[in-house]
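Read through the structure below, which is laid out as structure tokens, and then see the notes.
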Amino acid sequence: MSNPLPLWGGVGEGAGEFRLRRMVQDAPDLIPGVKHTPAQAALGEGVDVIPPAIELRHIDKRFGAVHANRDVSLAVQAGTIHGIVGENGAGKSTLMSILYGFYQADRGEVLIRGVKKTIARPVQAIAAGIGMVFQHFKLVEPFTVLENIVLGVEGGKLIARALAHARGELARLARDYALEVDPDAVVATLSVGLQQRVEILKALYRGAEILILDEPTSVLTPQEADHLFRILGALKRQGKTVILITHKLREIMAITDRVTVMRRGEVVAERETRATTQEELAELMVGRKVLLQVSKGAARPGAARPGAGRLAVEDLSVVDASGVERVKNVSFTVRAGEIVGIAGVAGNGQSELMEAIAGIRRAAKGTVRISGGAAHGNARDLRRQGLAHVPEDRRRMGLVTAFAAHESAILGYHDDPAFTGPILLDRRAIVAHCAAQMRDFDVRPPDPHLASESFSGGNQQKMVLAREIGRDPEVLLVGQPTRGVDIGAIEYIHRRLIALRDAGKAVLLISVELDEIMSLADRILVMFDGRIVGEVQADKADERLLGLMMAGIDPRTPREAA
Amino acid sequence: MEALTYFALLLDATLRVSAPLVLAALAGLFSERAGVFDISLEGKMLVGAFAAGVAAHYAGSMWVGLGAAILVSVAFGLLHGFACITHRGNQIVSGLAINILAAGLTILLGVTFFRQGGRTPQLPTEARFTPITLPGAEALKDVPVLGALWSELISGHNILVYFAYAAVPLAAFVLYRTRFGLRLRAVGENPEAVDTAGLSVEGLRYQAVIICGVLCGIAGAYLSIAQSAGFIKDMTAGKGFIALAALIFGKWKPVPTLLACLLFGFLEATAARIQGAFDLTGASDAVRRAAEALPFVIEALPYILVVLLLAGFVGTATAPKAGGIPYVKER
Ligand SMILES: Nc1ncnc2c1ncn2[C@@H]1O[C@H](COP(=O)(O)OP(=O)(O)OP(=O)(O)O)[C@@H](O)[C@H]1O
Ligand SMILES: [Mg+2]
């Protein structure tokens with residue numbers, strides 16, 4: 001760093017302190033009271049024991065009635081990538097937010113490189129060399145990348161100098177870690193993948209030695225996720241410590257050194273990654289055996305009503321607000337008793353297609369028919385004809401987050417005579433209905449009066465599914481059914497979708513998770529640039545083939561499919 | 001030439017009428033860019049005007065009046081802050097309460113102190129901000145166009161008018177070039193980003209509310225001890241809301257907000273001038289009525305413009321995203 005502003009002095013001090021501690025630790029016998037944690041003991045050697053980069057001791061945290069963390073202790077060794085897994089609502093984000101000073105623990109203490117630190121506010125965490133990329137990004141959207149980076153560390157009353165300094169520093173970080181991003185771009189215009197990079201840059205710019213990433217890959221395409229892992233590898237080689245929260249066990253196996261499993265607010269196990277398996281972790285997380293891939297019988301499309309296309313989409317085109325054609329002449333049918341998956345890299349028109357089919361976005365041309373009924377209609381008519389819709393963005397479109405769970409549970413069906421009298425809603429019936437759904441779908445906590453926003457992501461998703469599947473639809477549209485959802489819930493959701501299929505219903509599944517598409521769908525349509533570029537039978541699909549088709553290349557034909 | 005003089009006088013009046021709007025709109029700008037919506041600009045101006053009138057009367061000094069106006073207005077701003085920032089109350093409700101409180105309190109105290117129907121005593125010239133003649137105004141008077149412009153339009157206002165217009169570039173500088181401005185804009189867009197960057201959301205918002213109070217106080221003082229020679233009950237007469245409208249019309253940006261204030265001030269000045277300016281002898285009843293209604297139509301234009309803006313006919317107004325929402329971390 002050529003021209004450090006005063007701020008970076010603090011970081012330098014941190015490093016000095018680290019060296020000092022290390023010398024002290026070299027002769028542990030001289031220092032009474034320095035104990036080895038089990039993690040250190042496991043590392044062996046003993047002579048040159050480095051204190052853990054982070055140690056949390058007996059952290060306890062409640063949000064009102066919710067006991068989010070119970071007496072959690074955790075040590076993370078310096079220079080490693082440490083995974084944390086656990087079900088939705090297990091308390092992972094809460095624990096990390098406490099470490100970052102965003103929330104305050106009710107009890108417990110934090111040690112950074114063996115030194116006890118009070119971290120009551122983020123500024124203290126930043127000073128201690130901790131950086132965090134939150135599950136929901138904390139960026140100022142109308143600001144440029146540079147402005148976001150310098151916010152809070154301007155180093156002087158005017159920002160011009162800070163911006164110039166950050167520009168240089170950003171170029172260096174981009175070189176060192178393959179973190180390229182246009183410093184003058186307005187954050188709102190960046191893709192999620194790039195916004196995440198800005199978050200990582202923000203942390204590194206503040207001199208973070210310890211980087212926490214909360215579910216970084218749940219919003220990324222597979223390519224972006226690969227890139228992220230290369231960045232994390234580079235960070236590790238530079239001696240930085242990374243804590244990675246994820247629901248994807250494959251990622252844990254691929255990149256972490258150790259992994260901690262949380263369940264219902266507690267740490268239930270810690271494993272050396274080399275010495276564990278996905279199956280073991282899954283079982284530890286959920287507390288029972290989990291099928292990582294739900295088995296299903298062969299589809300019997302049309303068995304219920306032979307030949308009938310339950311959902312028929314014909315020549316559908318969608319033009320978005322800025323006049324760009326996002327869906328181009330798409331036609332397909334989904335028959336009763338089958339699941340059709342639409343694969344594609346996010347942003348290739350799947351979302352628009354789905355919204356058009358659901359009747360919440362106007363199609364420029366084309367028709368959508370449910371069970372051979374009248375062509376198209378608005379969302380309300382379509383629902384009456386037996387269409388149910390689980391939208392991609394459950395927080396924005398699936399629930400009213402401020403509503404109590406039972407109110408969200410009847411959205412769109414509030415005029416059903418079961419829930420309403422001539423004027424007033426029948427509260428008791430609604431609450432009972434919601435409670436039954438929660439039991440049926442194992443929503444936790446099963447409290448119909450809790451605000452919808454108080455449920456974790458996976459449980460919110462189960463609530464939306466419960467509502468839509470509960471209507472016994474003829475056709476179900478589902479978008480990203482398991483985004484950000486833990487494996488226990490994934491298994492459950494997949495089971496329910498297959499059960500629906502086996503009951504003779506038509507299911508259209510849109511997902512960016514290839515694994516999900518391949519394990520659920522009977523037929524796979526691949527979308528690229530607004531068109532359906534190919535169809536693959538599920539049993540003939542593999543990741544390579546689909547991946548190429550998603551990039552617009554169909555290897556089965558000599559020329560490009562696009 | 002006749003028309004030109006008329007127009008120059010109209011512009012001169014526009015500057016005068018717009019000055020308090022500019023101050024109040026900038027006050028709102030600071031508060032709302034920090035995410036604290038403030039419909040109580042009106043109320044704060046009113047208590048400021050009252051405090052200025054009272055203090056200038058007793059102390060015999062406009063500077064004491066100005067100081068009192070700022071203090072009282074800031075106190076009301078802090079009240080708004082205490083309700084909305086510390087206790088996370090509803091910003092509109094709190095603003096409304098402050099407006100009602102201000103209207104009632106100024107009348108009650110005014111009547112109790114002076115028994116002149118809510119007026120404060122007439123101030124002598126020494127206790128008021130009076131027009132300043134800028135250097136060269138006399139000498140350049142007869143130089144065509146530029147000289148006339150200088151002496152007629154620019155010169156001859158009181159110091160608060162000059163301050164109001166100087167405050168605009170100053171506000172723009174603070175907002176866009178300084179660390180404080182960066183943080184202020186950030187906290188109005190996404191307080192979580194500010195919080196996780198290690199800054200205090202509450203601290204920043206309180207600072208914004210205080211600046212808002214200062215500017216409203218000056219705007220209030222302008223009304224009672226510069227433009228007039230004393231406080232009259234309800235003397236703000238909706239100016240706080242016009243300023244708010246200008247702020248929205250100016251999309252929460254300093255220079256466009258200034259232009260909106262000038263436009264609204266121009267409309268008000270025009271309305272005042274054409275009242276009774278037409279010779280209506282021999283006109284039909286309909287024409288007469290239309291002529292009488294015209295000033296009111298012109299005065300209503302700012303509001304109509306804002307409604308059109310909000311309906312999307314004049315582009316979209318993008319409010320600070322976190323505006324109006326209390327910052328709550330743990331539910
Ligand atoms: N700000 C908050 N206010 C109230 N309750 C909260 C808050 N944040 C989290 N909770 C509750 O605390 C519990 C733990 O939540 P947390 O977000 O830490 O889980 P998680 O393990 O990160 O889950 P996920 O995998 O869904 O992200 C949940 O029951 C959640 O509803
Ligand atoms: Mg989480």
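Each chain gets a letter, A, B and so on, in the order its sequence line appears, and its residues count up from 1.
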Check each atom of A/F143 against the heavy atoms of chain B and say whether the ones under 4.5 Å are side chain, backbone, both or neither.
side chain
Among A/V123, A/N148, A/V150, A/V66, who wins on heavy-atom pairs under 4.5 Å with chain B?
A/V123
Residues passing the side-chain contact (heavy atoms from CB on, under 4.5 Å) test with A/H136, sequence neighbours excluded, are none
With A/K138, which residues qualify under salt bridge (charged side-chain N to carboxylate O under 4.0 Å, His left out), at least two apart?
B/E192
Let me know if A/Y100 has heavy atoms under 4.5 Å from chain B in its side chain, its backbone, both or neither.
side chain
For each of A/L163, A/I159, A/L139, tally heavy-atom pairs with chain B at distances under 4.5 Å, and name the one with the top tally.
A/I159
To the nearest 0.5 Å, how far apart are CZ in B/R179 and CG in A/L158?
9.0 Å
Scanning both residues in full, the closest heavy-atom pair of A/R206 with B/A197 reads NH2-CB, 4.0 Å
Does a sphere of radius 6.0 Å around CD1 in B/I159 hold more than 12 heavy atoms from other residues, nucleotides or ligands, not counting ones at 6.0 Å or beyond?
no
Spacing of A/E147 atom CD and B/Y176 atom OH [to the nearest 0.5 Å]
10.0 Å
Taking A/V140's backbone N and O only, do any of them form a donor-acceptor pair with B/N190's side chain (distance below 3.5 Å, no angle check)?
no
Value rounded to 0.5 Å, distance of OG1 in B/T196 from CG in A/L151:
8.0 Å
Against chain A, label B/L182 side chain, backbone, both or neither, depending on which of its atoms sit under 4.5 Å from a heavy atom there.
both
Of the listed A/A160, A/S97, A/P142, the one with the largest count of heavy-atom pairs under 4.5 Å with chain B is A/P142
Considering only heavy atoms, which portion of B/F173 lies under 4.5 Å from any heavy atom of chain A: side chain, backbone, both, or neither?
side chain
